[in-house]
Amino acid sequence: MDKFVIRGGNPLLGTVRVSGAKNAALPAMAAALLTEEPVILENVPQVRDIETTRKLLSSMGAEVELGYGRAQHRTTICCRNLARPEASYELVKTMRASTLVLGSLVARCGRARVSLPGGCAIGARPIDLHIKGLERLGAHITQEHGYVEANASRLRGAEVVFDKITVTGTEDVLMAATLADGETIMQNCAREPEVADLADLLNKMGANIEGAGTSTIRVKGVSKLNGARHRICPDRIEAGTFILAAALTGGDLNVSGCEPHHLDALLHKLTEVGVKTAHNGDSVRVLGSGDLKASDVVTEEYPGFPTDMQAQYMALATQAEGTSIITENIFENRFMHALELVRMGANIKMEGRRAIVRGKTPLSAAAVLASDLRASASLVLAALVADGETIIDRVYHIDRGYEHIEEKLRGVGAQIRRIGEMLPKKVAAPLVRA
Ligand code: UD1
């Protein structure tokens with residue numbers, strides 16, 4: 001199993017480029033199931049979750065071609081023949097977003113069989129809201145042997161009101177509604193940029209969607225969708241991680257290829273913390289002063305402060321003067337990284353959904369364990385300012401969602417290397433061709 005070895009102390013200097021958003025690429029790949037024609041996606045990040053989705057689509061009979069060389073971020077998917085509209089437990093257990101295929105499969109094939117995801121490191125994460133939404137569209141849904149089975153000869157447009165805001169739930173029902181008879185009005189939808197990016201792709205495929213990116217989405221169903229070419233939006237969480245890394249190390253970093261507007265909540269928070277940022281076109285420049293002030297954070301749905309940045313912010317808070325209270329509102333168990341940060345010298349107390357971080361305490365290198373994707377990023381950030389050489393185990397979590405993070409960080413001055421059975425090139429190798 002791979003590990004990262006990181007020696008702290010270097011400020012991040014120079015320019016780092018952001019990849020396409022994993023959380024936009026995953027639903028985009030699921031959207032390809034809605035048509036017989038090829039869907040060409042550009043700016044797809046080379047991360048493990050994309051490879052898992054490729055396997056998932058291929059297992060159903062789809063042809064998935066991942067680009068190579070200069071076109072390494074292009075993925076072409078053709079779902080002309082879908083022999084087996086099924087997502088097995090083996091795949092869903094490694095990537096919960098596999099449940100995103102439920103809506104598109106039932107809309108296209110009239111049936112779908114998808115494993116229930118079960119619990120994960122950050123909480124229960126049920127899919128009841130996906131199921132309820134699809135039932136509103138007329139799908140008949142049963143659960144047996146750990147699988148959800150959905151059947152519908154034809155979906156019907158309906159009003160769907162989500163009891164709680166869900167990102168992939170919104171995307172799942174949205175995809176299904178594109179091929180339903182009549183109009184669907186979805187209320188209390190997730191407003192994340194990745195939902196808008198998916199709607200953008202679906203509209204290029206011939207769907208009729210209005211309002212994506214707001215809490216009400218209207219979809220006029222069409223009988224058939226066509227192929228399309230689409231560029232995946234930049235990864236705001238990867239961009240935010242680099243921005244925090246620069247702030248934490250007192251660096252001067254240009255984070256390029258991002259959409260600064262998607263980072264508003266984070267950039268606003270950084271002003272309170274005492275970090276100067278400026279944006280110009282698709283770049284954000286971060287000027288860390290090494291003098292950070294504590295500030296509280298509450299995670300919320302977009303456009304609020306993202307739960308996917310909470311762990312990385314906690315690493316920053318350990319180096320800010322004063323007490324920062326971090327409240328996690330989205331997931332019930334998303335503080336696994338806190339215990340590892342404490343092992344590195346942080347002063348953090350947990351009280352239910354709140355973590356109280358008292359700073360600043362010097363961090364010292366230790367052997368630590370990555371527990372989930374964003375928790376791993378938090379440990380990388382802490383290691384960049386720790387005294388000595390930190391070893392982070394189980395970095396396969398970080399490979400799920402960050403494209404070659406060690407190469408990108410090394411390019412801007414970090415001392416980080418990967419050790420283990422699998423070298424970085426080999427991580428990329430299965431992605432080269434389907
Ligand atoms: C997506 C993101 C993930 C991010 C999360 C919250 C993808 C692939 N993943 O995950 O990175 O951390 O949004 O921004 O885009 N819930 C239910 N029932 C449901 C669905 C969700 O109770 O049917 C609850 C969840 O347990 C959670 C909350 O709703 O407490 C929000 O979850 P949701 O927005 O669905 O997260 P994901 O879409 O799984």
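No hydrogens, no waters, no symmetry mates; every other heavy atom, side chains included, goes into these values. Read the numbers this way: they start at 1 and go in the same order the structure lists the ligands and their atoms.
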### Task
Could you tell me whether Glu332 and ligand 1 have an N or O pair separated by under 3.5 Å?
no

### Task
Using a strict cut-off of 4.0 Å, indicate which atoms of ligand 1 neighbour a heavy atom of His130.
23 (O)

### Message
Residue-level breakdown please: for Leu100 versus ligand 1, do any non-hydrogen atoms fall below 4.0 Å on the side chain, on the backbone, on both, or on neither?
### Response
neither

### Message
I'd like to check whether Gly169 has a polar contact with ligand 1, where a contact means an N/O of the residue lying under 3.5 Å from an N/O of the ligand.
### Response
no

### Query
Hey, is Arg80 close enough to Glu36 for a salt bridge, meaning N to O under 4.0 Å?
no

### Task
Could you tell me whether Glu238 and Lys408 make a salt bridge, using a distance below 4.0 angstrom between a side-chain N and a carboxylate O?
yes

### Query
When you check the gap from the basic side-chain N to the acidic O, do Glu51 and Arg48 get nearer than 4.0 Å?
no

### Message
Is it the case that atom OH in Tyr396 sees more than 12 heavy atoms from other parts of the structure closer than 6.0 Å?
### Response
yes

### Query
Side chain, backbone, both or neither: which part of Asp308 comes within less than 4.0 Å of ligand 1 when only heavy atoms are counted?
side chain

### Message
I'd like to check Ile217 versus Val195 (side-chain heavy atoms, cut-off strictly below 4.5 Å). Are they in contact?
### Response
yes

### Query
Quick one: do Asp2 and Arg394 make a salt bridge, cutoff under 4.0 Å?
no

### Query
Do the charged groups of Glu65 and Arg74 touch, with an N to O distance under 4.0 Å?
no

### Task
Report yes or no: is the cationic atom of Arg113 (NZ for Lys, CZ for Arg) under 6.0 Å from the centre of the six-membered ring of Tyr147, at an angle within 45° of the ring normal?
yes

#### Entry: Ligand-residue contact atoms, ligand 1 with Ile127, heavy atoms, under 4.0 Å
19 (C), 23 (O)

### Query
Does Pro126 have a non-hydrogen atom less than 4.0 Å from ligand 1?
yes

### Query
Less than 3.5 Å between some nitrogen or oxygen of Asn23 and one of ligand 1, yes or no?
yes

### Query
Could an N or O of ligand 1 be found under 3.5 Å from any N or O of Thr166, whether backbone or side chain?
yes

#### Entry: Proximity of Thr307 to ligand 1 by residue part, where a heavy atom lies under 4.0 Å
side chain

### Query
Taking both backbone and side-chain atoms of Ala97, is any N or O found less than 3.5 Å from an N or O belonging to ligand 1?
no

### Query
Short N/O distance, under 3.5 Å, between Phe331 and ligand 1?
no

### Task
Can you figure out which of Glu301, Arg334, Lys164, Lys132 has its heavy atom closest to atom 29 (O) of ligand 1?
Lys164

### Query
By side-chain hydrogen bond (donor to acceptor under 3.5 Å, both in side chains), which residues pair with Glu301, not counting sequence neighbours?
none

